[in-house]
Amino acid sequence: MEQTRDTDLPAFDVRGLTRTYGTGHTAVHALRGVDLRIARGEIVVLLGPSGSGKSTLLNILGGLDRPTSGEALFNGQSLSQMNDRALTTYRRAHVGFVFQFYNLMASLTARENVELVTEIAAHPMTPEEALALVGLSDRMDHFPSQLSGGEQQRVAIARAIAKQPEVLFCDEPTGALDSATGRSVLAVLDDVNRRLGTTVLIVTHAAATAAMADTVIRFADGQIREITRNPTRTPPEGIEW
Amino acid sequence: MVRALGAKLRRDLWRMKGQALAIGAVIAVGVAMQIMMTGLHLSLSETRDAYYERYRLADVFASATRVPNAVTSDLAGIDGVSRIEPRITGSARIDPADGGLPIAAMTISLPDGRAPAVNDLLITSGRKPDPNRNTEVVVLEAFAIARGLTVGDPLVATLNGTRMTLRIVGTATSPEFLYVTPPGEFVPDDGRYAVLWMPRAALEAAYDLRGGFNQALLTLSRDAKTEAVLDAVDRVLDPYGGTGAYARGDHMSNRFITEEINGLTMSSAVVPPVFLAVAAFLLYIVISRLVQAEREEIGLLKAFGYRNHEVGLHYLEMALAISLGGALAGCALGVVSGRAMIPLYTTYYKFPFLLFRLDAASFLIGLAGSVTVSSVGVLWVMRRIIALTPSEAMRPPTPPDYSRAGGVGRALAQWLDQPSRMVLRRITRQPARMAGAVIGIAAGMSLSLGMLTIFEGFNTALDRSFGQIDRSDATVSLIYPASDSILLELGRIDGVQQAEPVRQVAVVFRNGRATHRGAITGLAAGSDLYRALDGDGHPLTLPERGIVLSSSLAQVLGLQTGDTITLEIREAARPTVSAPVVAIADSLMGTPAYMRIEALNQLLGQRNRIAGAYLQIDPSQEAAVRQRLSNFPMIAGVSLSKDAQQAFARMMDQGAGSVRYVMGFMAFVITFGIIYNTARVAQAERARELASLRVIGFYRSETAFVLLGELGVVVLIALPLGLALGRWMAHGIAAGFSTEIYQVPVVAAPHSMGIATCVVLGAAVASGWLVKRDMDRADIILALKTRE
Ligand SMILES: Nc1ncnc2c1ncn2[C@@H]1O[C@H](COP(=O)(O)OP(=O)(O)OP(=O)(O)O)[C@@H](O)[C@H]1O
Ligand SMILES: [Mg+2]
């Protein structure tokens, strides 16, 4: 996929997106027609009750899943049409993921976990830079078993941003962390967005997180209920839980 | 059982169906072997015993040159003798109606007007001969069938030089001839050896034994001392040319069947436990992996108030479901294969009837064994279940520890990319786990290699026996030992390229208390058609003096080169002499011993006598040579090497030897089961990491490398170990297959190593493919959704 940096073009353009799991009686309509444009370089926070379809949307935009119907365009290119290999290439080139569970490779050190990505990316930063960004310069040679949960999550973020992705998807990145640690993780995401211009999508249950976003999307029952824009972003350090 | 746990059990089983099937199959095979072998053992031994009992097989056999009838009462008076049957036996030659080669036969007299008191026969068609009709004969059923002879057919036979036309009035089997081979051979070939039962008067006339007999058959009372009876019989018969009484245990037919039954006992004690042990190992791995993965659930169950044993029971039920399923399938398989084996046995062992008997105990043992197997695996895992605390469920997962300084791979690691590092670290930082996998695969491989080596051993035995030891085209046996001028006559036949002498002399070998009844084979100095080989397969030159023992005989007697052996010759003047053991020869069949024919003749106080000859025949003139041999007066029988070779090959491929194919197949099943299981366990352990790699943007093939690379390395390490273990295993299996009658050589064949390697690699590739297919289908999101 070529790197079109047409500033007018949104990062994502989503039209009539649906996703149904299963068929017949047991069919679950996780997304029931989502229309959405996500501007480049923004922090977007998705809020909504459990089961409302937030993760499903994130997964489709991140190239981990395909919609049942509708269109999801990234930089004008349709993700819905891509086969598995093309989606993998898309993830490899443009996307970073951070999950609630850190999903680090236990057999690799912090630095090596990051190298896992820098070795296959086109324009990566060095693992050292990435780890410095998340404040782990002094723990680079430690294995996941030697790091705290927050530190592991920061390694996961370093791994996600090291390729200098255009988009960063974070599904409940602070879900397993205490509030202080969670704040510091959000601060790292905020920092990445400011410094690298990365578009960041954060799914969270902590409504207060909305304060750090440019755009807040409220989800309910597989549909968007409300989109609000914050005139100013509150730095994560200032967010009250 | 709690209903929810029941549902979990079913789903877990369904999810692991591949592994469950593989483990179930190993158990099924083990149980099937158990049921088949114990069933066969029971069938053979009970049928044999009933047959012996009903037809009164002799406990003691004693032959002599000529014993007056009056001596019968002396023999009957020996302490412990319950029944006696004096009879006349001799050799005969049959000239088949189709003009084929003469066939060697044994003649046996039937008493007038009554059934033999000992060694009765079972008439299978027709009737017994009329005592007053000297030409009436009953023939061994197997021979009649093989030659297409029926009641009423004529039979041309030469008894002691007198040629006569007999008439077949019946066919029979006898417990004396359960297993019958042509003289000097080890494998039955029904058409090439006959037993003829004739009226006593006919044989008295034929062998000049009026008023006497030359063989006494005795049965003993329950409390009789066999050794004492043998000594007493020898004392009585000594003046009449007794060749030494021997007990039923030394009777050839009985020895073969007994060896077969012992072999089954051995294998049924060894083989099934091997399979069950493998299954226990696999079950342990699977269950412990499951407990590891579900430790959070276990913690939760405990938090709800479940007790350790209740949680343990859940996993035990899972193991039981697999092992009982396998065991039940094994029971069915065992019955089917046991039934299928019966015809193989009746082809070689001439039972009047043989039914596959089911041993109720073996079912119980099989089921109990499989229950034990599953319990052992789960009990082992129980420790972990007990160690888990409810709080485990609440605690965030800790990644496995790779930080221990495993310096091995460090230098290497800097040259590797990250996926390779992941592979390397798994191997260097979790050595115990990897060692388990390596040993498992190596053990599976050794089983396959062991069986393949045995296959090779059978081929080697065939090749050595008929390509290197006996290189003749035909063996001629004479009616009685005669002047070696016959050799010249044989050599003059057009088409006979070479004729070499042979003399076989019955002897009791003795070393202190160890004795063995057998024969010495006398060969010419430069014998080329028949050769004794040393351990390396090189021909031995027979020295002028002394005796060469086969390794099997040397072992029975506990003798080595340089020792002295006592020989109690059972022919002519029956001298007892001692001779130095000058060499040990390799032996594959029987327990032969070799001497120079001149030295053997000298022991007997004779000169230039031969009892037979090995011939090399020009293939283009074979028909003419056969024709001439058929009309040669002194000849008792002619056997073609290719017939003997075919009979041997047939038994190896269709008879008892064919069991090895089944066992070979089962070895492959085990090897595959272990490798597949290793791959599956590795995959399950790493599902999350692999999904993460996919999320990051690794292609399927790159992700597969991390998993399959590990499997590959494990397999590569296992290969040399498996080769080494396999050799060791081959010796064990060879010992199991070898009997006193034939030995299976263990030869290091690159061929079988190659195949075993291919089997392992093939199983690895197939397992890898199955696992990769699953990985490709796996839902990335699902794998990541849950906590470790
Ligand atoms: N693999 C699946 N099969 C069937 N239904 C699914 C599957 N994955 C998600 N769902 C359903 O789709 C709906 C949306 O799920 P999704 O994970 O997107 O919710 P969510 O908004 O992320 O919830 P949460 O905040 O609890 O994470 C839910 O009702 C869920 O049960
Ligand atoms: Mg979610």
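Below, read A as the first sequence line, B as the second, and so on, with proteins coming before strands; counting in each chain starts at 1.
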message: Nearest 0.5 Å, please: how far is OH in B/Tyr699 from OG1 in A/Thr89?
response: 2.5 Å
message: Under a 3.5 Å distance rule, please check whether B/Glu689 uses its side chain to pair with a backbone N or O of A/Ala106 as donor and acceptor.
response: yes
- line: Per-residue tally against chain B (heavy atom, under 4.5 Å) across A/Asp171, A/Val95, A/Ile120 peaks at A/Ile120
- prompt: Where does A/Leu104 contact chain B at under 4.5 Å (heavy atoms): side chain, backbone, both or neither?
  reply: backbone
message: Measuring from atom CZ of B/Phe698 to atom OG1 of A/Thr88, what distance do you get when rounded to the nearest 0.5 angstrom?
response: 11.5 Å
- prompt: Who among A/Val117, A/Asp141, A/Thr109, A/Leu87 has the most heavy-atom pairs with chain B under 4.5 Å?
  reply: A/Val117
B/Arg694 backbone acceptor or donor facing A/Arg91 side chain under 3.5 Å: yes
message: As a quick check of understanding, evaluate side-chain contact (heavy atoms from CB on, under 4.5 Å) for B/Ile696 and A/Arg92, giving each step before the final call.
response: CA-CA 6 Å; B/Ile696 290 170; A/Arg92 181 181 263 214; over 6 Å; no
task: Could you please spell out the steps behind the side-chain contact (heavy atoms from CB on, under 4.5 Å) verdict for B/Leu693 and A/Leu116?
output: CA-CA 9 Å; B/Leu693 286 175; A/Leu116 206 49; 3.6 Å; yes
task: For chain B, find its close neighbours in residues 127-139 of chain A: heavy-atom separation under 4.5 Å, sorted by number, or none.
output: none
query: Please walk me through it: do B/Arg688 and A/Met105 pass side-chain contact (heavy atoms from CB on, under 4.5 Å)?
result: CA-CA 9 Å; B/Arg688 214 178 155 75; A/Met105 306 295 150; over 6 Å; no
- prompt: Quick one: CZ on A/Phe97 to OG on B/Ser692, what's the gap to the nearest 0.5 Å?
  reply: 11.0 Å
- prompt: Which residues in residues 58-66 of chain A have any heavy atom lying under 4.5 Å from a heavy atom of chain B?
  reply: A/Asn59, A/Leu64, A/Asp65
query: Quick one: what part of A/Asn113 sits under 4.5 Å from any heavy atom of chain B, side chain, backbone, both or neither?
result: neither
